[in-house]
Amino acid sequence: MNKGRWGLLLKHSAIIVCVSLLAGCMNRKTDSVAADIDFWSFPNFTSETGIQGDFEKELIAAFQKENPSINVRFTPLSYIDGADKIKQAIASGNVPDIVYDAPGRIITWADEGLLEPLDDVLATEKPYIMTGMLAVSAGKDLRTYMYPMHESPFSMAFNKEMLEDLGILPLLPYTRRDRQWTVAEYENLLRALKAKLPKGKTPGVFYYKTQGGDQGTRAFLVNLFGDVSLLNNDYSRYTFNTPQAVKNLEWTARAMQEGLLLDGAGLTSNDAIAMFVASDAAHTILYSPQLNKMNDGNRKYRGKDFTPIYMPFPNNSGAPSLEFIVGGACIFKNKNQNKIEAAKRFLHFMATDEVWAPKLVEATGGFPVTSKIEIRTDDPEILYNSVLQKFFGQYYNNITGFAEMRGYWNAALKSASTGKNIQSVLNMFVKNADETLKK
């Protein structure tokens, strides 16, 4: 064979190889991953139909249209028994492929070696994601195990129309820059509400029947007279027994005794929010745009939807400290590499698709953690919430012993409400909470 023909054959063969490789690459991208995967989610999303799970089903349908070889099976979880269902799945070795949740549980699973690291999925997106959101999505080994997609601050909220009718709306400094206010201003408003509200209504509720919604009671009590934190800066010990912490809890106990706040010994956070939604309480110490979206159509005052005015917690020392939620997805380990690859494709789709990533954030009622998604609204209350990241405080939901600490926190609130010495109560809380960090 002469050199000319041999060279031509080599070129022709090279072209065939390149085309074959390209076709193979394309197939790997589109059709070669064939798998059935399970997607579980708590009630993080609302839908246009108002039916829980409908948004997730629409999201899955859009993904499967582009990835027909991947079948996504969806299971909705409730906050009542969803965590137990996941525990049972882990114990049985039959875990779902993807779970949409928060760092509190996800990072615990990661540190137990149950999750796939997601740094490869996030590789091109990390520069656009808020640094703080990436930090709370990492395990002890500093690898990322949750793909963060939405965040939302927790704050207080007031019934605007109710305060207007009572003639005391000017006592709420919501037109002030950043809406920062003091305990004296808050107490003045509570006293005015108590004096003017009709029988059967209350200015607000301090709930503590169970530990649910304790992000509200903790945020309330680390603010007030200020200079208080739950833990020290490196999260190595609890600090909520300082003179200021005692002062904050004493003020709260006194406010309940005087009827400025309803003593919620028999009420949960859900009860307190329901009272606000029904206009039986003028304000709530736990609210967010996400909770508000879930109550669209249910907020009633004089037969009409009322306007919630969001406020930071009063803080005499200056800037408030807010708790916040971060939501995102994780992938459980699986010996089937095809399922892992399929799960990663679905996760990447929900987080980055030009159409569905913004829809996902909107469905949560929260805010995007990536600068690639813009907030489109002219609602002043939503715009106010969108800039509250500057007031985000400690995020400790994923530290060792967090779940056990919550029980001690609830016990401390119950003890303080019975008239026990508050310094002693908080000393015991700190002692018990510190032990949880060692387990």
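The nearest pair of heavy atoms linking N316 to V183 is OD1-N, 2.9 Å. T400 and L437 get closest at one heavy-atom pair: O-CD2, 3.6 Å. Listed here is the closest heavy atom pair of Q394 and N232: NE2-O, 3.3 Å. Shortest non-hydrogen contact noted between S288 and F154 is CB-CD2, 4.1 Å. Minimum heavy-atom separation, I325 to Q290: CG2-OE1, 3.9 Å. The two residues V33 and I70 have their closest heavy-atom pair at O-CG1, 3.5 Å.
Counting heavy-atom neighbours within 6.0 Å of E112 CD, excluding the residue itself, gives a total above 12. More than 12 heavy-atom neighbours from other residues, nucleotides or ligands sit within 6.0 angstrom of CG on N298. A 6.0 Å sphere centred on NZ of K126 holds more than 12 heavy atoms belonging to other residues, nucleotides or ligands. Within a 6.0 Å sphere centred on CZ of R73, other residues, nucleotides and ligands contribute more than 12 heavy atoms. Atom NZ of K420 has 12 or fewer heavy atoms from other residues, nucleotides or ligands within 6.0 Å. Under a cut-off of 6.0 angstrom, the local environment of CG in D378 is sparse, with at most 12 non-hydrogen atoms contributed by other residues, nucleotides or ligands. Applying the 6.0 Å contact sphere to NZ of K414 captures more than 12 heavy atoms from other residues, nucleotides or ligands.
Ring centers of W356 and F63: at least 6.0 Å apart, outside the cut-off.
Ring orientation note: the planes of F74 and F39 are tilted relative to one another, at an angle of 30° to 60°. Classification of the W109-F332 ring pair by plane angle, with boundaries at 30° and 60°, yields tilted. Relative ring orientation between F45 and F55 is described as tilted, the plane-to-plane angle lying within the 30° to 60° band. In this structure, F402 and Y396 have tilted ring planes: the angle between them lies in the 30° to 60° band.
A heavy-atom distance below 4.5 Å is found between the side chains of F367 and P289. Side-chain atoms of E116 and D97, non-hydrogen and from C-beta on, never get closer than 4.5 Å to each other. Between P117 and Y145, some side-chain heavy-atom pair lies under the 4.5 Å cut-off. Side-chain contact check for L193 versus L166: some heavy-atom pair is nearer than 4.5 Å. Annotation: side chain of L221 is in contact with side chain of W409 (closest heavy-atom distance under 4.5 Å). Residues L413 and T252 have side chains not in contact (no heavy-atom distance under 4.5 Å, counting atoms from C-beta outward). Side-chain contact check for F158 versus M311: some heavy-atom pair is nearer than 4.5 Å.
Salt-bridge annotation for E161 and R302: absent, with no side-chain N of the basic residue lying under 4.0 Å from a carboxylate O of the acidic one. Ion pairing of R376 with E362 is absent here, as no side-chain N (NZ or NE/NH1/NH2) approaches a carboxylate O to less than 4.0 Å. Under a 4.0 Å N-O distance rule, the pair K247/E250 does not qualify as a salt bridge. Ion pair K344/D120 flagged as a salt bridge, since at least one NZ, NE, NH1 or NH2 atom sits closer than 4.0 Å to an Asp/Glu carboxylate oxygen. In summary, R191 and E187 engage in a salt bridge, as defined by a charged side-chain N under 4.0 Å from a carboxylate O. For the pair K160 and E381, the salt-bridge criterion is not met [side-chain N within less than 4.0 Å of a carboxylate O].
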For this session: Go through the steps for V425 and F429 under the test side chain to side chain contact (heavy atoms under 4.5 Å, CB included), then give the verdict.
Result: CA-CA 6 Å; V425 167; F429 163 72; 5.7 Å; no

For this session: Under the side chain to side chain contact (heavy atoms under 4.5 Å, CB included) rule, what do L190 and K194 come out as? Steps first, then yes or no, please.
Result: CA-CA 6 Å; L190 292 179; K194 182 186 176 186; over 6 Å; no

Problem set entry | Stepwise side chain to side chain contact (heavy atoms under 4.5 Å, CB included) test for T217 and I285 | CA-CA 7 Å; T217 56; I285 65 169; 4.2 Å; yes

For this session: Could you check M156 against Y186 for side chain to side chain contact (heavy atoms under 4.5 Å, CB included), going step by step and ending with a plain yes or no?
Result: CA-CA 11 Å; M156 310 171 87; Y186 178 47; 3.5 Å; yes

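Between the side chain of T144 and the main chain of M146, no donor-acceptor pair closer than 3.5 Å is present.
Distance check: L197 CG to D165 CG gives 11.0 Å after rounding to the nearest 0.5 Å. Between atom OG1 of residue T364 and atom CD of residue E151 there is a gap of 9.0 Å, rounded to the nearest 0.5 Å. For the atom pair CG of L322 and CZ of F391, the computed distance is 7.5 Å after rounding to the nearest 0.5 Å. The CG atom of L347 sits 6.0 Å away from the CG atom of L118 when rounded to the nearest 0.5 Å. To the nearest 0.5 angstrom, K293 atom NZ is 8.5 Å from I382 atom CD1. Put simply, CG on N427 and CG on N432 are 11.0 Å apart, with the number rounded to the nearest 0.5 Å.
Annotation: ring pair (Phe, Tyr, Trp, His ring centres under 6.0 Å) contacts of Y395 (sequence neighbours excluded): F324.
With hydrogens and angles left out, the side-chain atoms of T268 and N270 include no donor and acceptor closer than 3.5 Å. Counted by atom type alone, N159 and R299 present zero donor-acceptor pairs between their side chains at under 3.5 Å. Remark: the Y208 side chain and the S417 side chain contain an N/O donor-acceptor pair separated by less than 3.5 Å.
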